[in-house]
Structures are given as structure tokens and as C-alpha cells.
There are 2 protein chains.
Amino acid sequence: MDDRVGKRAGYHHGDLRQAMIEAAEVVLAEKGVGGFTLRECARRAGVSPAAPAHHFGNLVGLLTAIATLGFDDLSQEMEAAVAKAGASGGNRLAAICEAYLAVALARPGRFRVAFGRLGLKNGDEDLRRAAIRAFGILVRETKLALGHEVGSDVLTRLPSSYGGDADLAEILFVWSITHGFSTMLIDGQLAPLEMQPGGRERLIALYSGRLMEMLLAAVRASAAMPLANPASHG
Amino acid sequence: MDDRVGKRAGYHHGDLRQAMIEAAEVVLAEKGVGGFTLRECARRAGVSPAAPAHHFGNLVGLLTAIATLGFDDLSQEMEAAVAKAGASGGNRLAAICEAYLAVALARPGRFRVAFGRLGLKNGDEDLRRAAIRAFGILVRETKLALGHEVGSDVLTRLPSSYGGDADLAEILFVWSITHGFSTMLIDGQLAPLEMQPGGRERLIALYSGRLMEMLLAAVRASAAMPLANPASHG
DNA sequence: ACGCCAAACTTGACGCCGTTAAGATAACGC
DNA sequence: GCGTTATCTTAACGGCGTCAAGTTTGGCGT
């Protein structure tokens, strides 16, 4: 059995960068974060342990590249979901939340690297841009659901960077639910709940169904709710 | 500089188990999941690399012990918060959600080990009990907030283990927000948002304030909402 | 067509890692 | 006080990430 990812013809691999990324995701999916090693990925790509250094610098560089792809996945799938959901506010927001979960489920390796607190390259500009863009889509859709105006720089600037966003609470609310459910599901926190009739599908249906109803209701209610005392309650 | 945790008097350490756990949490807090090694912890405890084996078996055993403490922290602090919040339904639920975040912030090392998808010991009974108990408190309080009856076995049995819980959607909703926000905050996903006036405190205040208002409103609304089609919507 | 340069990859080595086996030490029950 | 047993050390193994140095090769200028 030869499970190398991207066979090579001669001394040079041809597309080692891509092969390493694919191998890494396979390993991550198979053995989890713990069993993940650079040497193992290199082995699967049919290459020596030191070969990847030229493409990624080091292990952190590889993980950073994968994380960037993870954020790109999120942006892409969320935009696609929005396009399919049409113009109505609530459907759009629910659509991106479901897309978020779908991405996590489809590529748990990438997703975990993007969010999983393995160390990533600190100043990486590609990573930063990809993350801000994905976050920006979520910001934009939350604002649209609230019936608020959306600046043209949502996808390139953080909301806070132009001085305190009025909708930050709603944004964090939506993101927390979405991210919380997604991570718990792929990280096995909900595994005991998957052991019963319906299994994982029931949980996903619950998320796409009742949880989205609750989320939309909460956001709509928040739009009508007075801001009492915006930042001191507990 | 000597930063050993739990100095030893002679050949025997005295309480190596405790010292290792403390050292591990310090290392985890200092260097994150990536820089965490068993040898480093042993070094800080002033002990040879092989010493911990007798107490924990291996690295996974140590992590499992720490994770168990993490769940115990959650149970303890959530119960304390509930006791202080008194009898009113909404306050109690908000109180445990805030306690959840407080535990994550106070001991991010434990919290990350408990939830972070480093591998833990599979069949560990202590870990399982601790996790179910913490989850049970959340289940209990969500049901109370909904005005529903709570079985006496909430803290020892999973809701699903007695055949499909009617309040599962609300439970997952509350847990997703709480867990999502907590993990994003301690894992640095919200770091860019902390870089502005108000910083982390502002986000925490937003969580304890507006987000809790939204959460309670959503749960209350859900209690009144018809169950349309409980498990098939998207 | 040819030579050369830079990119791509290998080899070998280093120090650190987790784990194990065998031996040293000390606490404790009898 | 003595043996038993838990605790800890030492030494070693293979595997890890990374680096320096050497080898191969594609491609470009001429």
C-alpha cells in the first residue's frame, strides 16, 4: 500500500507545497493534533524530512499556510451560502452559520489548525487578511440582519479599528454560537450525544433548525431592545 | 532563578503528583500547547524525566488528570455562582455562563486541556464523571430557566441516555454561546478586538451584559415558541 | 546547444522529546 | 530493625524538528 500524496517523477517533486498541505490534512484527520508530525507528512509526500523547509520554513509555516486555507474556505463557503440564500436578511445569516459548521465538518483538519491554538506564524500577512475577510463576512451579515448599514471596508478592516462597533454584541453573539457549536462537534465534546438514535445528524438538524430559529429571534429582539447600559450588567 | 514548583527535601519528592500538575499548568499558561513537554514539567518539579511515569503512567495520564480538575473547577464555580445568584431562573443561568468564562480565564491551562483535543485517556472514569457533572449543571439550569422539571439524576447521567431530551436545543444553544465565547477569548481569536480602548474588559462586560440579555431572551422566547418540526428544518 | 546558476531535494548530524528497563533510595508496616 | 514496596535516578532507544553541507536538476542567458 502506498499512500503517498502526490507521487513524484524524479529528484524534484513538482508540487511539494501542495502535496505537503494535503498530506498534513490527511494526517490531522487520521491521527488528530497529537499524532501530527512534519516527518510523517514528508514521508507521505515521498520526500525527505528536510525538504519542506524550503517551502514553509518550518512546521509553523506549514500550519500557517493550512490555517490560511481554512479561513479562505470559510469565506468562500459563507459567500456561496449567502448567494444561494438570496436577499432576505434572516435566511442569509442562518445560511452563513450553517456554512461555517459545514466547513468545520468537511475539513476538520484545516479548521482545527486555523482555530486550534497550535502556534501560527505571528506576523503572516496572508493569514491576517484571510482571517479578517472571513470575520468581515460574519460582521456584514449580522449588520444586514439587524437592518444596519454596512461600510464598504468590512472585509478588509476589523470593526474595532474604526473605533468601537455598535453591533459588536450581536456579532459576538452570533459568532460564539456558531463557533462554539462547530468546535464542540468536531472536537468530540458532543460525542456522548451522538451515541444515540439520530446521532450526529440529529445534532446538525437541531443546529440548522431550532438553534438558528433561536439565534435569529435573539438578533431580531436585540435590534428592538433598548441598550439599557451597554457595557455593565453583571 | 529557581522556578521549581514544590521543592523537595530528599530523594523522594513528597507530593510529586500535585507538583507535576501545577508545573504543567504553569508551562501551559506560559508557552501554550505547543511548548508543553513532560520533561519541562519534570524539570520544574525538580525531578528526573522518568519520575512522573509512576504517578500518571504517561503524558496522556497527566493531561487527563488536569482535564479532570478542569471539569471539577467548572462544576465548583458554577455551583457557587448559582448559590450566590439565588432562586430566580434567569439570574441563575446567566450566573453559570459567567462562571464558565471566569474559570476559563482564571485557569486557561486546565480549560484548554479539558477541551483542547490533545488526546486524553479514553476510558478514564474520573474524567467521565467530572465532565458529566459539569454538563449536568448546565442542563439543570437551562431546564430551570425554561420552567421545566429536573430529574434527580441530572448530574450523573447524560440527557440523551434516557432517550432524547426535549430541551436539548436550548441546552446546546446556551452551551455553544458560553463555550464559544470562552474559547475564542482565551485562544486569542478575539485578540484583535482586545487591542482597542476598553480591551479585554470591554469584551467581558459585553458578554456579562448584552450577550447574557440576548441569551436569556432567546431561551425565554424558545419556551414560548411552538416546536414547529422539532428536528428537521434546514 | 551549452554552461551555469538558483531552486529543489538529500544526507547526516544535533539536541530534545516520551518512554522503558534496571538499579538506587527511602518510607513504612510488621 | 528488617524486609517490602513505593518512589525516584540513570542510561538508553527511537523519533522528532531543524540546520549545514552537499547533490541533483530545471531553466535561463548567450
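When reading the values below, keep in mind they use all heavy atoms of this one structure, side chains included, and skip hydrogens, waters and symmetry mates. Letters A, B, ... mirror the listed sequences (proteins, then strands); counts begin at 1. Keep in mind it's a predicted model, so treat the numbers as computed, not measured.
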Take the protein atom [atom1] of [X] and the nucleotide atom [atom2] of [N], then report the distance between them rounded to whole Å.
X: A:H55; N: C:dA6; atom1: NE2; atom2: C1'; value: 14 Å
X: A:K31; N: D:dC16; atom1: NZ; atom2: C1'; value: 13 Å
X: B:F56; N: C:dG18; atom1: CZ; atom2: C1'; value: 15 Å
X: B:H12; N: C:dA26; atom1: NE2; atom2: C1'; value: 5 Å
X: A:L38; N: D:dC19; atom1: CG; atom2: C1'; value: 13 Å
X: B:D15; N: D:dT7; atom1: CG; atom2: P; value: 11 Å
X: B:R43; N: C:dG18; atom1: CZ; atom2: C1'; value: 12 Å
X: A:R44; N: D:dC16; atom1: CZ; atom2: P; value: 12 Å

**OP:** Decide yes or no, distance alone: a donor-acceptor N/O pair under 3.5 angstrom between the base of D:dT23 and the side-chain of A:Y11.
**Re:**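 Between D:dT23 and A:Y11, which were checked side chain against base, a qualifying N/O pair under 3.5 Å is present.
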What nucleic acid atoms does [X] come within less than 4.0 Å of, heavy atoms only: base, sugar-phosphate, or nothing?
X: B:S48; value: base
X: B:G35; value: nothing
X: B:G34; value: nothing

Subject >> Which nucleotide in D:dG17, C:dC17, D:dC8 has an atom nearest any side-chain atom of A:T37 >> reply: D:dG17
**OP:** Side chain of B:A53 only, please: which of C:dC9, C:dT20, C:dG18 is the nearest?
**Re:**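 Among the listed nucleotides, the one closest to the side chain of B:A53 is C:dT20.
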Can you tell me how far [atom2] of [Y] sits from [atom1] of [X], rounded to the nearest 0.5 angstrom?
X: B:H55; Y: B:L16; atom1: NE2; atom2: CG; answer: 4.0 Å
X: B:D124; Y: B:L63; atom1: CG; atom2: CG; answer: 12.0 Å
X: B:M184; Y: B:L193; atom1: CE; atom2: CG; answer: 9.0 Å

Subject >> Under-4.0 Å side-chain N/O to phosphate OP1/OP2 contact, A:N58 with D:dG17 >> reply: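 So the side-chain polar atoms of A:N58 never come under 4.0 Å of the phosphate oxygens OP1 or OP2 of D:dG17.
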Original post:
For D:dT5, does either OP1 or OP2 sit under 4.0 Å from a side-chain N or O belonging to B:H54?
Top reply: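 Indeed not, no polar side-chain atom of B:H54 lies that close.
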Original post:
Between B:R39 and B:R17, which has a closest nucleotide on DNA chain D that is more 5'?
Top reply: B:R17
Original post:
So which one's nearest nucleotide on DNA chain C is more toward 5', B:L59 or A:P52?
Top reply: A:P52
**OP:** Before accepting this row, confirm whether a basic side-chain N of the pair B:E77/B:R107 lies closer than 4.0 Å to the acidic partner's carboxylate O.
**Re:**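 No, no charged N to carboxylate O under 4.0 Å.
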Original post:
Can you say whether the rings of A:F115 and A:Y100 are parallel (under 30°), tilted (30 to 60°) or perpendicular (over 60°)?
Top reply: tilted
